[in-house]
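Report on one structure; see the data block that follows.
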Amino acid sequence: MKPGKLVSLFLICVILSLPLVLLFHAPVQTGAGEARTPNKGLAAVVDRWIVSSLPYTHELRQGVLRLRMAGGQVEFDNIYYTGDSLMKDFRPTTNGALQTENTQQIQQFVSTNKVPTYLAILPTACVVNQKKLPQFTADMLYNQPGYIKEVYRSLAGNVSTIDVYPALFGASADCLYYRTEDNLNAYGGYVVYRAMAQRLGLDPKGREQFEMEDVAHDFRGDLAARWQYEYTGKDILTLYHYVGSPRRYLVTHPDGEPRIYNTLYPTQMLSLSHPTNVYLGGLDRLTIDAEGGGPQLELLVFGDKTALSYLPFLAAHYRRIQFVDLAQMTPQDIYALDINRFDQVLFAYSIETYMNTDIPALCRYTNAAEL
C-alpha cells in the first residue's frame with residue numbers, strides 16, 4: 001500500500017476515535033447540579049486502546065482537550081483550568097458528624113483553657129477566583145462562605161472568629177494562590193495575615209515594610225503533576241523580608257532529626273526538598289523565636305499547610321510562635337503542650353481540612369480526660 005494511503009487511513013482512524021473519547025469523557029449534569037462522567041470503565045478502556053494502538057497519542061489527547069474546552073468544559077479530574085492557572089475543585093464530605101465534632105471540640109478547648117482563642121477557616125482558590133470560571137461552572141461551586149459563616153455563628157460568644165474571605169475575594173484580581181499548587185502563595189498569605197492581625201489586636205504591617213525576593217521562577221506544584229494535558233504554567237516563589245525593625249529569627253523543628261535555622265527562609269531547601277519548604281523549613285511542628293526587641297507575646301497556632309503562607313508575616317509581631325500540626329502528633333504529645341504559657345491561641349485551617357478531616361478535633365487531647 002502506498003504511503004499516502006496509509007496516512008489517509010490513519011487520519012480516518014483518528015477522526016473516528018474522537019467521538020468515542022468525547023462521548024465517554026464528557027460530563028453530564030445530574031439532578032444535584034454536579035457533573036459526572038458516564039461509562040468511566042469504558043472510558044478507561046478507550047484511553048488504553050488509544051495509548052497502545054495509535055501513534056501520536058499525546059497530540060491526539062491535546063486535540064481532544066482543545067475540542068472539549070471549545071465546547072465549554074473547564075474541569076478534568078476535579079481540577080479547573082482557567083487558561084493561566086489550575087485550581088482544585090472542593091467538595092465536602094457527606095459526613096456532617098465529622099464537621100460538627102471539629103466545632104464542638106474547639107468549643108470544649110475554649111471552655112477548658114482560659115486563653116483567648118481565635119478561629120480562621122480559609123477558603124480555597126476555586127471560590128476566591130470564581131470570576132475566572134464560566135458562570136455555569138461558578139454557579140455549581142460549593143458555598144464555602146456560607147458554611148464558614150454558619151460555623152462562626154455557632155461559635156459566637158465563645159471563640160473570636162476571623163473571616164478572611166472578604167479580604168481574599170476583594171484582592172482576587174491579584175495572584176493569591178499558586179497557579180500549579182493547591183495552596184496560598186506568599187502574597188495570598190500576606191492578605192490573610194492582614195485580616196488575622198486586625199482580629200488578633202495587632203497593627204498590620206504595610207507591604208512597604210517588607211523587602212521582596214524572588215528565589216524561584218519555575219516552580220511546578222502538585223496540580224501540574226496531576227494535570228494530564230499540556231500546561232506550561234509555572235509559579236514564582238517570593239520571600240517577604242521584614243525590614244521595619246531589626247529582628248533575628250530562630251526556627252526550630254524538634255521532631256525526628258532536629259533542625260534549626262537562623263532565618264524564616266532557609267533557601268537551601270529549594271534544592272534539598274520540596275521547593276515550598278523554603279518557607280520556614282517545611283510543614284511540621286516548629287517554633288519561631290524572635291530576638292531584637294518588639295512585642296513579647298507568644299502565640300500557639302493549630303493549623304495545616306496554609307500556615308506556610310501567613311506565619312512569616314505574623315512572626316513580626318510575636319516573641320515566640322509555636323506551630324502545631326495535630327495530625328503529626330500523638331495524643332501524649334498534644335497533652336504535653338503547655339497551653340497556658342501562651343497569650344493567644346489560633347486555630348487556622350483550610351475549609352478542606354475543616355470539613356473533610358477530624359484534625360481540628362484532635363485538640364481534645366489537650367484535656368487529660370481524653371487520654
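A quick note: this is a predicted structure, and the numbers were derived from the prediction, not measured.
- With a 6.0 Å radius and a threshold of 12 heavy atoms from other residues, nucleotides or ligands, Tyr335 has its OH atom at or below the threshold.
- No side-chain N or O of Thr276 forms a donor-acceptor pair with one of Glu181 less than 3.5 Å apart.
- A pairwise comparison of heavy atoms in Ser85 and Lys132 identifies OG-NZ, 4.1 Å as the closest pair.
- Note that CG of Asn95 is 11.0 Å distant from OG1 of Thr357, once rounded to the nearest 0.5 Å.
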Practice task
Could you walk me through whether Tyr354 and Thr103 pass side chain to side chain donor-acceptor pair (under 3.5 Å), step by step?
Solution key: CA-CA 9 Å; Tyr354 199 90; Thr103 301; 2.7 Å; yes
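- Checking each of Gln296, Glu298, Gln344 against Tyr318 for a side chain to side chain donor-acceptor pair (under 3.5 Å) leaves exactly one that passes, namely Gln344.
- The two residues Pro166 and Asp163 make their nearest non-hydrogen contact at CD-OD1, 3.3 Å.
- Side chains of Thr137 and Asp139: a donor-acceptor N/O pair is absent below 3.5 angstrom, by distance only.
- Ring pair Tyr187/Tyr190 is parallel by interplanar angle, where below 30° counts as parallel and above 60° as perpendicular.
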Practice task
Could you check Gln105 against Glu101 for side chain to side chain donor-acceptor pair (under 3.5 Å), going step by step and ending with a plain yes or no?
Solution key: CA-CA 6 Å; Gln105 289 301 326; Glu101 180 70 4; 2.9 Å; yes
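- Aromatic ring orientation, Tyr240 versus Phe313: perpendicular (interplanar angle above 60°, classes split at 30° and 60°).
- Closest approach of Ile106 and Leu119 over heavy atoms only: CD1-CD1, 4.1 Å.
- Between the side chains of Ser350 and Thr353, at least one donor N or O sits under 3.5 Å from an acceptor N or O.
- If you check the side chains of Asp325 and Gln328, you find a donor sitting under 3.5 Å from an acceptor.
- Leu286 approaches His253 most closely through the heavy-atom pair CD2-CE1, 3.7 Å.
- The nearest pair of heavy atoms linking Val128 to Tyr177 is CG2-OH, 3.4 Å.
- Remark: Asp89 CG to Tyr142 OH distance equals 12.5 Å, nearest 0.5 Å.
- If you check the side chains of Thr93 and Asn356, you find no donor sitting under 3.5 Å from an acceptor.
- Smallest separation of non-hydrogen atoms from Cys126 and Phe90: SG-N, 4.0 Å.
- Using a 30° and 60° split on the angle between ring planes, His317 and Tyr193 fall in the tilted class, from 30° to 60°.
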